[in-house]
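Sequence lines set the chain letters: A, B, ... in the order given, protein chains first and strands last, and positions in each chain run from 1. Not measured: the values here are computed from a predicted model. Below, all heavy atoms of this structure are taken into account, side chains as well, without hydrogens, waters or symmetry copies.
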Number of protein chains: 2
Amino acid sequence: MNILIIEDDKTISALMGRTLTGAGYDCEFAFDGEEAEELFDSHPWDLVLLDLMLPKVSGYDLLEYIAPSKTPVIIVSAMGQVNDRIRGLKMGADDYICKPFQVAELLARIEAVIRRTAPTDDVFDYKGVSVNNVSRVVTKDGETVPLTVKEFDLLSMLINNRNVALSRKQLYEYVWKEEYYGETRTLDNHIKRIRQKLGYEDVIKTVFGIGYRFETEEAGC
Amino acid sequence: MNILIIEDDKTISALMGRTLTGAGYDCEFAFDGEEAEELFDSHPWDLVLLDLMLPKVSGYDLLEYIAPSKTPVIIVSAMGQVNDRIRGLKMGADDYICKPFQVAELLARIEAVIRRTAPTDDVFDYKGVSVNNVSRVVTKDGETVPLTVKEFDLLSMLINNRNVALSRKQLYEYVWKEEYYGETRTLDNHIKRIRQKLGYEDVIKTVFGIGYRFETEEAGC
DNA sequence: GGACTCCAATGAACATACTTATAATAGAAG
DNA sequence: CTTCTATTATAAGTATGTTCATTGGAGTCC
């Protein structure tokens, strides 16, 4: 996993570098917009961390430049206003983190984005249920089952990590992204609705005290 | 999707290879004209990236050789003059990109060409409705149904991506291109008129929270 | 092992907030 | 002028988050 860190403040840049290297990522650094474009083009990246306030080329221009490549981007910026956040995410960023940030939060968000943008199966079949990630159609025994956006995203996350116990936090962060401000019973309800609609009472297992796990027969792997 | 990269400069060739592999394409490489002809004939390709300055066989000859096969070609060349560009496109290339290029631009153009040259049916028939992409004539039960430009483009996009949930954004960007400045109810109205004119109320499905999907019987695939 | 307690999870109902459909109107293009 | 397209307002439909009463699991103590 290689990460491109675009950040003009060398203190912050170094901090991020140390943190990520420590966590096993390879990092390279750009300190202004021009450098960033060059480095970005030089080879493919798994993730870009982008500061919005940069010398030479604005962060937004850079984001526009990066977006078509589909490389995941996390914006790291002091401009903590809602507008910037929305604008950034609308322009194709995958997440947004405000300075000053907690190292743990940075790491968590990076992991979440990497997981979220990992390639997914187009079609998944199990026990008469078929989940099509392209058409976003879910069928059970041939009948179409209408799932809402949140339900679909949640199911999709569980399936893409099948036989893995996912914590409530992970699930919230994947499905609800930045609108997650702590525990409620929302997740439970969505789980309930999915189980009900698909007859998956025994497939989506509750992992008590942790979260949930989508269990298939070939579990042990 | 497999792409043939014809490029004698190994640095550039490798850069393209990394980029495209990272984006999920399969790549193979030819470093001179002879190799290129051989490899090109060995099996079918979805796309050819062609450098015009090559050892042994000139890029133009190669283009002439490739053109009859209808395989999409993007010329990648340092000869950035208008003449070359025109000559290349006249000879049947689908796009032209100049060195040095930005990786993001390369990817964007590749995607555009693939989308553009994707086998669109000249004629599409479904439930008594016939859509002719060449004459732009639409008939229902033998009667001609007059569609406006926007309506036709929209319908065409939906049909060419049938059974795929297309986001509102994608639809806006395809039909309205750069005149898209955010959400209004324009798209809804066009969808409504198409449904009405063609009796497609149940064929063009609303994907709540996402956009629309043109659904045919063989949906599950 | 059985009874007890604490805490987590479930499930139903409801209010709110979004999203989409529809129709009417205004504006632009030919 | 006529036709097409975009905008706006309003209505209808759908999803979502929260609350709360209830159920169930895990550990502890006797």
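- Distance CG (B:L154) to P (D:dT5): 11 Å, rounded to an integer number of Å.
- Of the candidates D:dT5, D:dA15, D:dA26, the closest approach to any side-chain atom of A:T148 belongs to D:dA15.
- Neither OP1 nor OP2 of C:dT20 sits under 4.0 Å from any side-chain N or O of B:K192.
- The existence of a salt bridge linking A:E7 and A:K99 is confirmed by a sub-4.0 Å separation between a basic side-chain nitrogen and an acidic carboxylate oxygen.
- In the set C:dA8, C:dT10, D:dT16, D:dT16 carries the atom at the smallest distance from any side-chain atom of A:K150.
- Note: A:F124 and A:F214 meet the aromatic proximity criterion, with ring centroids under 6.0 Å apart.
- We find that A:E173 and A:R109 are not joined by a salt bridge, their nearest charged nitrogen and carboxylate oxygen being 4.0 Å or further apart.
- The phosphate of D:dT16 (OP1 or OP2) has no side-chain N or O of A:W176 nearer than 4.0 angstrom.
- Taking side-chain N and O atoms only, A:R168 has a distance below 4.0 Å to OP1 or OP2 of C:dA9.
- In this structure, B:Y172 atom OH and C:dT20 atom P are separated by 10 Å, rounded to whole Å.
- Partner of B:I110 under the side chain to side chain contact (heavy atoms under 4.5 Å, CB included) criterion, out of B:D95, B:I97, B:L49: B:L49 alone.
- If you check distances only, the side chain of A:D188 never reaches the base of C:dA8 with a donor-acceptor pair under 3.5 Å.
- A donor-acceptor contact under 3.5 Å is formed by the side chain of A:N189 with the base of D:dT18.
- To the nearest angstrom, P of D:dG24 lies 14 Å from CD of A:E201.
- Nearest-nucleotide positions on DNA chain D place B:P146 closer to the 5' end than the other of B:T186 and B:P146.
- B:Q196 has its CD atom 19 Å from the P atom of C:dT20, to the nearest Å.
- For C:dT10, the OP1/OP2 oxygens have a side-chain nitrogen or oxygen of A:T206 closer than 4.0 Å.
- If A:T184 and B:L147 are placed on DNA chain D by their nearest nucleotide, the residue sitting closer to the 5' end is B:L147.
- Between the CZ atom of A:R193 and the P atom of C:dT10 there is a distance of 13 Å, rounded to whole Å.
- Comparing B:G211 and A:G211 by the nucleotide of DNA chain C that holds the closest heavy atom to each, the one mapping nearer the 5' end is A:G211.
- Residue B:Y212 is classed as a sugar-phosphate contact, given heavy-atom separations below 4.0 Å to backbone atoms only.
- Comparing D:dT16, C:dG11, C:dT20 against the side chain of A:H190 picks out D:dT16 as the nearest.
- B:R168 has a carboxylate O that lies under 4.0 Å from a charged side-chain N of B:D188, or vice versa, which qualifies the two as a salt bridge.
- Using modelled atom types, one finds no donor on one side chain facing an acceptor on the other under 3.5 Å when comparing A:S13 with A:R18.
- D:dA21 atom P lies 15 Å from atom CZ of A:R185, rounded to whole Å.
- To the nearest angstrom, C1' of D:dT18 lies 17 Å from CD1 of A:I191.
- As rounded to whole Å, 18 Å separates atom C1' of C:dT19 from atom NZ of B:K169.
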